Amino acid sequence: MSDVFETLKERGFVQQCTNEENVAHLLSGNPITYYVGFDPTADSLHAGSLVPIMAMAHLQRAGHKPIAIIGGGTTMIGDPTDKTEMRPMISAEQVEKNGESILKQLQRYLDLDNTEGFFLNNAEWLLSLNYIDFLRDIGKHFRVNEMIRAEGYRQRLERELGLSFLEFNYQLLQAYDYLCLFQKYGCVLQLGGDDQWGNIVAGVDLVRRIESERVHGLTFPLLTTAGGAKMGKTAGGAVWLDGEKTSPYQFYQYWINIDDRDVERFLAYFTFLPMDEVQRLGGLEHDEIREAKAVLAYQATKLAHGKVEADKAQSTSRAAFGGGGMDLDAMPTTVVSSDRLNAGIPIMELFHEVGLAASKSEARRLIQQGGAYINDKQYKAIDIVVDAKMLEENGLLLRAGKRRYHRVVLE
RNA sequence: GGGGGUGUGCUUGAGCGGUCAAAAAGGGCAGACUGUAAAUCUGUUGGCUAUGCCUACGGCGGUUCGAAUCCGUCCGCCCCCA
């Protein structure tokens with residue numbers, strides 16, 4: 001078994017760690033069980049979640065057993081950590097539904113078949129808690145003085161924002177999660193974003209106090225892009241792992257369009273390429289860096305959507321930007337009846353209808369500012385009517401700006 | 001329970017009773033330059049059957065020729081006292 005801890009470290013996954021030597025030692029020995037919590041407030045994970053996912057995958061490849069848990073119980077309270085306001089609560093049914101989608105996505109990266117890995121909802125043990133018992137058995141181990149020192153709480157208190165008692169209990173519940181997982185599954189390592197550090201440590205302490213056992217914690221750095229933006233967000237919103245919400249092609253393009261400065265870091269995080277290769281690619285400059293981005297995009301897409309989709313996305317991208325013809329199959333397409341086209345469709349209407357502009361006014365602006373193209377020809381007059389005469393063999397190729405394409409074909 | 005404050009467009013945040021679709025910044029989009037990058041410059045950024053009309057300044061109601069701006073009330077959030 002190779003030294004996974006070393007791998008995680010050199011790939012940049014380690015931000016804080018309860019005790020580096022112990023964790024390194026633990027990971028180089030017999031298989032252990034570790035866990036990461038995921039937020040079930042949305043029905044899909046997004047690119048930002050790839051950091052914990054990839055870390056889990058590295059560990060599983062080294063023979064360790066992952067537990068992915070969704071906070072069905074905790075979400076019903078709302079996590080105050082690093083939030084300026086209270087997180088909205090969501091219903092148990094919604095959590096259940098979201099959990100199913102999330103599990104499917106995780107399975108692309110991890111084996112969660114209930115032998116090699118597990119997928120659990122903490123509602124399972126949290127919902128049946130009895131208040132008095134919980135206070136007596138768990139609550140007595142927590143010191144309020146310590147709790148309010150935690151960054152997340154402290155900020156809320158200092159900024160005089162107020163913090164409900166409900167939210168204040170979040171840390172106890174997460175610590176309790178760890179305790180349960182330790183007791184039932186022998187879980188001895190919790191991973192999470194650095195904002196979770198306080199909660200993780202609370203769990204480590206709790207297990208030590210109740211079970212007199214030493215368990216461990218490790219956090220990942222919170223990723224931002226070189227531009228300072230949150231990882232995995234774009235104009236259109238989050239970059240989802242769900243192919244329905246973010247198509248494989250869009251997913252691919254997200255990685256292609258990242259800042260040059262992020263290339264090496266992201267290769268280390270989001271691919272399994274050996275580090276010497278990562279460094280070689282990261283060292284490329286100017287035009288060549290695009291090759292590195294292509295590798296990153298392809299690898300990341302392949303992991304998230306499989307080889308077939310990755311190949312398709314890659315060829316579409318190459319065709320679109322490499323000067324050649326487009327890969328028409330992968331392009332979003334709208335079907336229009338020939339009668340309608342023969343009658344003529346105002347250009348603003350067309351751009352709006354296919355979704356390249358959110359409203360007709362936006363379409364108007366786009367056109368007036370020279371961002372509207374049909375079959376690679378720019379059209380700046382808003383009163384143009386698109387009809388069958390403009391049809392080419394592949395239909396109409398609409399483009400908004402440099403990168404957003406849409407095809408219109410006849411019925 | 002008492003007192004005070006606050007609620008504006010994607011976000012932050014100005015806003016005298018008319019000249020407010022609402023300052024400013026950020027963000028977004030488009031154009032130029034480029035490498036599908038960054039930086040920079042320019043334009044733009046509620047909708048529409050478009051030199052006009054409609055919808056918008058927490059909800060409802062009122063005062064007024066006229067309200068984001070005044071009054072009442074309700075809701076949300078925040079602070080202080082209990």
Side-chain angles (χ1 to χ4, degrees), chain A residues 78 80 83-89 155-164 166-167 224-239 247 249-267 281-298 300-301 313-327 330-331 345-349 351-353 355-374 376-383 385 398-406:
Chain A
K83 295 283 185 298
T84 47
E85 278 168 53
M86 202 166 150
R87 188 190 278 185
M89 305 185 199
Q155 252 183 34
R156 293 276 297 255
L157 293 171
E158 274 173 10
R159 295 180 58 196
E160 302 187 327
L161 269 174
L163 174 70
S164 74
L166 192 72
E167 296 173 273
T224 49
T225 64
K230 235 190 190 158
M231 173 67 210
K233 301 278 185 201
T234 62
V239 177
S247 74
Y249 173 69
Q250 288 172 311
F251 189 79
Y252 183 93
Q253 285 297 318
Y254 172 74
W255 301 106
I256 288 285
N257 286 317
I258 60 167
D259 195 302
D260 286 5
R261 292 168 287 180
D262 290 325
V263 172
E264 185 167 331
R265 246 169 10 119
F266 285 11
L267 278 164
L281 289 167
L284 297 175
E285 289 186 336
H286 307 296
D287 282 14
E288 287 178 348
I289 193 92
R290 283 181 300 156
E291 185 201 320
K293 289 185 185 176
V295 173
L296 169 65
Y298 181 76
T301 309
Q314 184 178 53
S315 60
T316 305
S317 177
R318 291 223 164 119
F321 298 99
M326 294 287 294
D327 177 352
M331 201 181 299
I345 305 171
I347 185 164
M348 291 195 311
E349 205 171 310
F351 270 81
H352 173 224
E353 220 173 285
L356 290 176
S359 67
K360 282 192 207 170
S361 294
E362 193 177 306
R364 168 191 295 263
R365 256 175 254 131
L366 184 75
I367 294 160
Q368 285 174 333
Q369 294 178 20
Y373 300 80
I374 298 175
D376 273 328
K377 187 172 181 304
Q378 189 183 50
Y379 288 88
K380 293 182 87 163
I382 56 168
D383 51 1
V385 173
L398 307 188
R399 196 175 106 215
K402 289 193 178 73
R403 311 178 199 143
R404 286 148 55 222
Y405 285 86
H406 199 102

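Quick note on labels: first sequence line is chain A, next is B, and so on, each numbered from 1. Nothing here was measured: the structure is a model prediction, and the numbers come from that model.
Distance check: A/Q250 CD to A/T301 OG1 gives 11.5 Å after rounding to the nearest 0.5 Å. Here the OH atom belonging to A/Y373 is positioned 8.5 Å from the NZ atom belonging to A/K380, to the nearest 0.5 angstrom. Interatomic distance, A/M348 CE to A/L366 CG, rounded to the nearest 0.5 Å: 11.5 Å. Considering CZ of A/F266 and CG of A/D259, their distance stands at 8.5 Å, rounded to 0.5 Å.
Side-chain nitrogen and oxygen atoms of A/S359 include at least one within less than 4.0 Å of the OP1 or OP2 phosphate oxygen of B/rC48. Here A/K380 does not reach the OP1 or OP2 of B/rG31: none of its side-chain N or O atoms lies under 4.0 Å away.
The residue A/R404 sits close only to the backbone: its heavy atoms come under 4.0 Å of sugar-phosphate atoms, none of a base. Backbone-only engagement by A/Y373 is indicated by non-hydrogen atom pairs under 4.0 Å involving sugar-phosphate atoms exclusively. Contact annotation for A/I289: base contact, defined as any heavy-atom pair under 4.0 Å involving a base atom. Within 4.0 Å of A/I256, counting heavy atoms only, lies at least one base atom of the nucleic acid. Residue contacts shown for A/Q368 are absent, as no nucleic acid heavy atom lies under 4.0 Å away.
Residues A/A381 and A/I347 share a closest heavy-atom pair of O-CG2, 3.9 Å. In terms of heavy-atom proximity, A/A372 sits nearest to A/I367 at CB-CG1, 3.6 Å. The heavy-atom pair separating A/D376 from A/R399 by the smallest distance is OD1-NH1, 2.8 Å.
The CG-C1' distance, from A/D259 to B/rA37, rounds to 6 Å in whole Å. Residue A/K293 contributes atom NZ, which lies 17 Å from atom P of B/rU34 at whole-angstrom precision. As a whole-Å value, the separation of A/R364 CZ from B/rC29 P is 22 Å. Protein atom CD1 of A/I382 is 16 Å distant from nucleotide atom C1' of B/rA30, rounded to whole Å. When the P atom of B/rA38 is taken as reference, atom CD1 of A/I258 falls 11 Å away, rounded to whole Å. Distance A/I367 CD1 to B/rA30 P: 14 Å, rounded to the nearest Å. Spacing between atom CE of A/M348 and atom C1' of B/rU49 amounts to 10 Å, rounded to whole angstrom units. Atoms OH (A/Y379) and P (B/rA30) sit 20 Å apart, rounded to a whole Å.
Nucleotides B/rC80 and B/rG27 place their C1' atoms 36 Å apart, quoted to the nearest Å. Between B/rU73 and B/rC78, the distance separating the two P atoms is 22 Å to the nearest Å. For the C1' atoms, the distance from B/rU45 to B/rG9 is 10 Å, rounded to whole Å. Comparing B/rC60 with B/rC75, their C1' atoms sit 10 Å apart, to the nearest whole Å. Nucleotides B/rA50 and B/rC57 are separated by 24 Å at their C1' atoms, to the nearest Å. For the C1' atoms, the distance from B/rC20 to B/rA68 is 8 Å, rounded to whole Å. Remark: the separation of the C1' atoms in B/rC48 and B/rG58 is 26 Å, to the nearest Å. Look at the C1' atom in both B/rG43 and B/rG52: the space between them is 24 Å, to the nearest Å.
Nucleotide B/rU40 forms a pair with B/rA32, judged by Watson-Crick or G-U wobble geometry with both contacts under 3.5 Å. Both distances falling under 3.5 Å, in either a Watson-Crick or a G-U wobble arrangement, place B/rA24 opposite B/rU12. Checking B/rG7 for Watson-Crick or G-U wobble geometry (two distances, each under 3.5 Å) identifies B/rC75 as its partner. Of the nucleotides present, B/rG52 is the one that pairs with B/rC48 by Watson-Crick or G-U wobble criteria, both distances under 3.5 Å. When both pairing distances are held under 3.5 Å, B/rC65 makes a Watson-Crick or G-U pair with B/rG18.
Picking from B/rA38, B/rU45, B/rU49 the nucleotide with the shortest atom distance to the side chain of A/R365 gives B/rU45. Nearest nucleotide to the A/D260 side chain, out of B/rG35, B/rU36, B/rA50: B/rG35. With distances taken from any side-chain atom of A/L366 to the nucleotides B/rA30, B/rG31, B/rA38, the minimum falls on B/rA30. Between B/rU34, B/rC48, B/rU36, one nucleotide has an atom nearer to the side chain of A/K402 than all others, and that is B/rU34.
The base of B/rG43 sits with one of its N or O atoms less than 3.5 Å from a complementary donor or acceptor on the side chain of A/Q369.
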